[in-house]
Amino acid sequence: MSTASGFLSPSAYGLPGERELAELAAAYFPEHGGGAAPGAGPLDSAPLPAPGRLDGAAGPEQGGASPRPAYRPSLVPAAKGAVPGTEAPEGAARYLADLTPAAPGPAPYVGGRPLDSVRADFPILSETVENGRRLVWLDNAATTQRPRQVIDRISHFYEHENSNVHRGAHTLAGRATDAYEGARSKIARFIGAPGPENIVFVRGTTEGLNLVAQGFLKPLLRPGDEIILTELEHHANIVPWQMVAAETGALIRVAPVDGTGQIMLREYAALFGPSTRFVSATHVSNALGTVTPIGEIISIAHSRGVAVCVDGAQSVSHMPLDVSALDADFFAFSGHKIYGPTGIGVLYGKREALEAAMPYQGGGNMIADVSFERTLYQAAPQKFEAGTGNIADAVGLGAAIDYVSAIGMDAIASYEQALLAYAADELSRVPGLRLIGSAVSRASVLSFVLEGHETGQVGRYLSGMGIAVRAGHHCAQPILRRFGLEETVRPSFAFYNTAGEAELLAKALRGLAR
């Protein structure tokens with residue numbers, strides 16, 4: 001029977017009834033609040049690191065000659081028993097003790113912080129959704145949630161700094177420019193770029209890849225030239241290259257993957273020839289979670305004199321990055337994949353690559369001088385940033401970078417790897433469930449099919465339990481077809497997810513399988 005929202009109720013599948021499901025959920029989301037996980041020790045014994053430049057100290061966004069109110073983000077605290085000095089928000093939600101599984105899972109700390117205090121930074125994790133269930137957000141590969149520090153930073157910009165950037169002679173223009181360019185500098189340091197001049201603000205990974213395709217590669221292509229991609233690519237890292245190939249007469253060649261979902265490097269290397277002009281490859285597969293050997297991919301291409309663009313949408317939030325050490329020519333990612341706003345992203349480019357590329361769009365801000373006879377462009381990165389940029393969200397992305405930096409990307413990667421292994425083990429116990437892709441190196445994603453159930457059915461059922469997952473082709477149809485599938489169910493994890501959430505997912509799926 002359909003519910004008012006259009007979702008099917010569990011009884012429509014002949015599954016355990018609402019009462020049994022409610023009891024299951026109650027085991028993980030009891031009405032009482034707070035407290036540490038059994039055996040975790042007192043929460044007040046664990047240090048809560050200062051949130052770096054989010055603590056109100058002057059940073060790049062507060063430099064310059066334009067004084068303004070100090071930005072001080074709210075500290076959304078842990079549950080009862082958390083670090084002394086924090087204050088529980090009005091109507092504070094239930095945290096770690098509510099989500100602790102019966103079986104051992106990853107230690108409930110991330111970067112020295114109790115997991116409940118980390119979760120408390122994300123207001124939406126307290127949201128009530130379908131059937132009155134507490135939200136379990138396992139759709140992080142599609143978009144991550146935003147911490148209060150990012151939300152507050154954007155509000156602070158609009159309340160105290162809002163102006164267009166550059167060239168303005170007034171106080172707010174100075175504040176906005178400091179904040180905008182300060183964010184650019186933070187991002188450069190975070191990904192290991194030589195400097196802020198290597199960082200182009202774009203709408204997201206997709207626009208960054210299109211900029212490279214149209215501005216850098218297209219002018220170089222001739223009929224018969226070849227572009228190498230891999231079977232793992234998201235559509236955003238396929239279609240732009242197909243478009244420029246169709247316009248120029250170039251050809252697309254595809255590196256295959258093996259039965260685990262990992263790129264076959266020998267076959268990849270064999271694709272290179274005298275007509276190879278460019279390579280674009282993902283760092284982490286959004287459909288399978290495969291972490292590709294991107295360093296080797298780049299090295300092989302460079303040994304043939306071929307430039308490489310990396311789709312970093314799925315890697316930027318899960319592991320430390322150093323684009324200089326990787327020697328990537330281009331690297332693109334989206335802010336909303338790393339706990340920042342939507343509509344803002346980054347294209348990193350080597351200086352010589354950005355200098356060689358033509359502007360993707362024309363207009364204000366990217367010009368040095370204009371007459372009706374000719375236009376002189378600004379140097380990179382400004383020559384790629386026509387018009388008024390997404391200033392507030394660039395500043396918000398800088399705050400997201402501050403946030404994850406304060407926790408530590410090594411700590412985030414370590415916790416997520418433990419959680420991923422725990423979740424994979426739990427799902428492997430579900431009758432009829434088949435995990436797709438088994439590469440040794442994986443991040444974030446567990447893609448699966450459940451025997452006897454369509455992926456949409458599984459997704460709707462889990463939504464009725466409050467569990468948000470992605471069900472479909474994930475804009476990665478070629479790699480799913482490589483495994484004989486059109487769709488999978490894709491739970492994907494972040495450092496604010498818990499072992500209890502993974503176990504609740506597995507128990508719900510066991511009920512569905514029955």
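Note that these values count all heavy atoms, side chains included, but never hydrogens, waters or copies made by symmetry. Along the sequence shown, residues carry numbers from 1.
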Taken to the nearest 0.5 Å, the spacing of I191 CD1 from M409 CE works out to 12.5 Å
R134 side chain to L125 backbone, donor-acceptor under 3.5 Å: yes
E161 bridged to R153 by N-O distance under 4.0 Å: yes
Using atom types as modelled and distance alone, determine if a side-chain donor or acceptor of R113 lies under 3.5 Å from a backbone N or O of I407. no
Are Y496 and N140 close enough, and set up right, to give a side-chain hydrogen bond (donor to acceptor under 3.5 Å, both in side chains), and what steps lead you there? CA-CA 10 Å; Y496 46 58; N140 294 287; 2.5 Å; yes
Would you confirm whether D425, through its side chain, and Y422, through its main-chain N or O, come within 3.5 Å as a donor-acceptor pair? no
Give a yes or no on whether the backbone of T498 and the side-chain of E501 come within a donor-acceptor separation of less than 3.5 Å. yes
Does S285 use its side chain to pair, donor to acceptor, with the backbone of A287 at less than 3.5 Å? yes
Going by atom types only, do E233 and T230 share a side-chain donor-acceptor pair under 3.5 Å? yes
Atom pair CD1 (I344) and CD1 (I187), whose distance is rounded to the nearest 0.5 Å: 7.5 Å
From H235 atom NE2 to L209 atom CG, the distance as rounded to the nearest 0.5 Å: 13.5 Å
When you compare the side chains of S334 and T205, does any donor N or O come within less than 3.5 Å of an acceptor on the partner? yes
Between Y415 and G111 (side chain of the first, backbone of the second, donor and acceptor by atom type, cut-off under 3.5 Å), is there such a pair? no
So how far is it from L232 CG to N286 CG, rounded to the nearest 0.5 Å? 9.5 Å
Would you say the side-chain atoms of E231 pair up with the backbone N or O of G261, donor to acceptor, closer than 3.5 Å? no
Side-chain donor-acceptor pair present, H474, T488, cut-off under 3.5 Å: yes
Tell me if the aromatic rings of H318 and H283 count as close, with their centers under 6.0 Å from one another. no
